[in-house]
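A short write-up of the structure that comes next.
The chains referred to below are lettered A, B, ... by the order of the sequence lines, with proteins before strands, and numbering in each begins at 1. Every heavy atom of this structure was used, including side-chain atoms; hydrogens, water molecules and symmetry mates were not.
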Amino acid sequence: MMPGKWSTAFTQQQKAWLRRVAPHLVSSLLNWWQRHGRRDLPWRLLPDGRQPGPDDLLPVYPVWVAEVMLQQTRLTVALPFWRRWRSRFPDLESLAAASRQEVLHCWQGLGYYVRARRLHEAAIRLAAAGRSLPTDRAGLEQLPGLGRTTAAAIAATVGNSPDPILDGNVQRVLARLLAFPAPPRQAGPLFWTMVELLLDHRGARDFNQALMDLGALVCRPRAPLCQGCPWQSHCHAYGKGIQRQLPVRQAPAPIPRVMVGVGIVLDHRGKVLIGQRQPDGLLGGLWEFPGGKQEPGETMAETVARELQEEVGLTVAAGPELLRFDHAYTHRRLTFAAYLCRVLAGEARPVASQQVAWVWPRDLRHYPFPAAHARMVQALGEHLGGA
DNA sequence: GATCCGTGGGG
DNA sequence: TCCCCAAGGAT
C-alpha cells in the first residue's frame with residue numbers, strides 16, 4: 001500500500017509503488033479506451049477519416065485550433081465552432097490574412113476571446129516570418145496562448161510524441177487515484193511527475209486521449225461511475241469511499257451581483273449606436289451597446305442616461321424598457337436592462353471605447369458581440385420587425 | 001501564487 | 001433558481 005504523506009515530490013516509497021502499478025494502469029486504461037473511449041474526434045483522424053497508426057502524422061493546423069478551443073470549454077460546445085472555423089479559415093494563411101473583426105466574429109459565443117486573439121496573433125507572426133506551425137512541444141510552447149498542456153496535447157496528437165498532459169480531467173483522475181488531500185494545484189510538480197512515469201513509451205497520442213476520456217466519461221466531477229472504471233482496484237479514493245469528495249476544492253470567492261443599464265439609441269434615420277471595447281481585457285475588441293452599472297439611488301433609466309452621457313457624450317431620453325434578463329460571468333452575476341433611447345443633444349464620440357458607429361439594425365449581425373449583447377441585438381430585431 | 005478571463009449545460 | 005464547472009494561460 002502507498003504511504004499517505006504528501007509533499008510536492010514523491011517519496012522513494014511512493015515512486016516504487018507507482019513504478020510497480022504503472023504497467024497495470026496503462027494496459028488496463030488502453031484496453032478500456034479501445035472499447036469505450038472516443039476514437040472519432042475529427043481532428044484525431046487522418047484527412048480521409050481513418051484512424052491514424054502510431055507512425056502517422058496528422059495536420060497540425062486543425063489540431064491547434066481544436067486544442068485552443070477546448071481550453072476551459074466542453075467538447076460538445078467547441079465542436080460546432082471548430083467546424084465553422086475550419087470552413088471560414090481553412091489554413092494558417094487564411095487566418096493570417098483575416099481581420100481581427102472577422103476572427104472575433106467567428107469566435108463569437110465561445111467565450112474567453114483572448115484565445116481567438118492569440119490564435120490570430122500567432123498566425124500573423126508565423127506568416128510574417130515565412131514559417132509554418134511547429135509540430136514539437138517546445139516549438140509550440142513559444143506560440144501565444146499555448147502552455148505546456150496544450151502544446152503537449154497538440155504535439156502528441158499530431159506526431160504521437162512522448163508528451164503527457166495534465167489538464168483538468170487528468171488532475172481529477174490523479175487526485176482520486178492517490179486520494180490527494182489538497183487542491184490539485186497544491187500538488188506542484190507531483191502530478192506532472194506522475195503522468196511522466198505513467199506515459200507509455202510508444203507515444204502519447206492514445207494515452208493522453210484515453211486519460212482525458214477516463215476523466216470525462218467515467219471519473220466525472222459529480223457522479224463518478226466507479227463500477228466501470230479500469231482503475232477501480234488501484235484507486236485510493238474508491239478504497240476509502242471518498243471519491244465524491246475529491247478533488248479537494250478551494251473555497252469559492254463570493255460573487256457580486258450587479259445591475260447594468262444599456263441604451264439602444266436610435267437616431268432619426270433609424271440607425272443604432274454601438275461601441276467597440278478596448279482591444280484587451282474583458283471581451284476585448286467586441287462591440288456592444290453603451291451602458292454601465294447602476295449606482296445607489298438611481299432608477300435604471302437614470303443609469304442609462306448618465307452612462308450615455310459619460311461613455312459617448314450623448315444626452316438621451318431613456319425608455320421604454322426593451323428587455324431585462326440575467327447573465328452570469330464566472331466571477332460576476334449581472335442583470336441587464338436594455339432601454340430604447342432617443343437623442344436629445346450631442347454627438348456620439350468614443351470616450352472609453354476604441355470607436356463608436358451608427359449601424360443599420362440589419363447590419364448588426366456583421367459585428368462581433370458578447371453573448372449578452374447578441375441577445376439584445378436579437379430582441380431589437382424582433383421589436384423592429386414586429387413594428 | 002492569486003486573479004482574471006465567457007459561456008452554456010447539468011444536477 | 002441556483003450553483004457547479006469545463007481539454008488552461010498569462011500576468
task: Quote, to the nearest angstrom, the P distance that separates dT11(C) from dG6(B).
output: 15 Å
message: If I pick the P atom on dA7(C) and the same atom on dG11(B), what distance separates them, to the nearest angstrom?
response: 15 Å
Cationic tip of [X] within the cone over [Y]'s six-membered ring, i.e. under 6.0 Å and within 45° of the normal?
| X | Y | answer |
| --- | --- | --- |
| Arg148(A) | Trp192(A) | yes |
| Arg277(A) | Trp287(A) | no |
| Arg375(A) | Phe325(A) | yes |

What nucleotide among [options] has an atom nearest to a side-chain atom of [X]?
| X | options | answer |
| --- | --- | --- |
| Arg222(A) | dC3(C), dA7(C), dG8(C) | dC3(C) |
| Arg185(A) | dC4(C), dT3(B), dG9(B) | dT3(B) |
| Arg249(A) | dA7(C), dC5(C), dG9(C) | dC5(C) |
| Tyr113(A) | dG6(B), dA6(C), dC3(C) | dG6(B) |

query: Which part of the nucleic acid, if any, lies within reach of Ala371(A) when heavy atoms closer than 4.0 Å are counted: base, sugar-phosphate only, or nothing?
result: sugar-phosphate
- prompt: Which residues, if any, of residues 207-216 of chain A bring a heavy atom under 4.0 Å of DNA chain C?
  reply: Gln209(A), Met212(A)
query: Near Gln12(A) CD, under 6.0 Å, is it more than 12 heavy atoms from other residues, nucleotides or ligands?
result: no
query: Checking only heavy atoms, does the side chain of Thr76(A) share a donor-acceptor pair with the base of dG8(B) at less than 3.5 Å?
result: no
query: Under 3.5 Å, is there an N or O donor on one side and an acceptor on the other linking the side chain of Thr330(A) and the base of dG6(B)?
result: yes
task: Using only side-chain N and O atoms of His331(A), determine if any of them is under 4.0 Å from OP1 or OP2 of dT3(B).
output: no
